[in-house]
Amino acid sequence: MAKNAEQNNEAVEKQQIVDNRIAAVRDLIFGENIQQYDTEFADVFEKIKSLEEQTTKNLAKSVSDLENKLADLESLVDHKFQDLNDDLDKRLADLDDEKVDRVKLGKALEKIAQMLQE
């Protein structure tokens, strides 16, 4: 176990040395501009994050608006179907009334015919 811990410590030290060398090379290549680049990249990442959040909010709002409009449309269509169904029922009832009146008229004519025969 002591060997594993020792190996891990050596690996960590080697990694730190490599990281320090990379940082040194980076500083030589970019110099003081690296901090400016880091700041600019941080600003760009913040703008991207802000736009992403705004887009997510806009998308959620659009989905909500569409769901509300679909619900309104469904309600309107249901209402129109109900109105048409009611109108159809009324017209069928009117037709039934007309037929009933014909039946009554026919019976009345039969009674008149019987009275005339007597």
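Nothing fancy with the numbering, it's 1 onward along the sequence. The structure presented is a predicted model; accordingly, all values stated were derived computationally and were not measured.
Between Leu73 and Val77 there is a side-chain heavy-atom pair separated by less than 4.5 Å.
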Residues Gln36, Glu40; criterion side chain to side chain donor-acceptor pair (under 3.5 Å); working and verdict: CA-CA 6 Å; Gln36 182 183 1; Glu40 289 177 7; 3.2 Å; yes

Criterion side chain to side chain donor-acceptor pair (under 3.5 Å) on Gln15 and Asp19, from CA distance to verdict: CA-CA 6 Å; Gln15 184 64 34; Asp19 288 345; 3.1 Å; yes

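Atoms CG and NZ, on Leu109 and Lys111 in that order, are 11.5 Å from each other to the nearest 0.5 Å. Distance CG/Leu66 to NZ/Lys61: 10.5 Å, rounded to 0.5 Å. Between Ser62 atom OG and Lys69 atom NZ the span is 9.5 Å, to the nearest 0.5 Å. For the atom pair CG (Asp72) and CD (Glu67), the distance works out to 12.0 Å, reported to the nearest 0.5 Å. In this structure, the separation between CG on Asp89 and CG on Leu84 is 11.0 Å, given to the nearest 0.5 Å. Here OG1 of Thr56 is found 10.0 Å from CD of Gln54. Values are rounded to the nearest 0.5 Å.
Comment: Lys47 does not engage Asp43 in a salt bridge, judged by the lack of any side-chain N to carboxylate O separation of less than 4.0 angstrom. Between Lys90 and Asp86 there is no salt bridge, since no side-chain N of the basic residue sits under 4.0 Å from a carboxylate O of the acidic one.
A side-chain donor-acceptor contact under 3.5 Å links Asn20 to the backbone of Gln16. Of the possible polar contacts, one joining the Thr55 side chain to the Leu51 backbone as a donor-acceptor pair under 3.5 Å is found.
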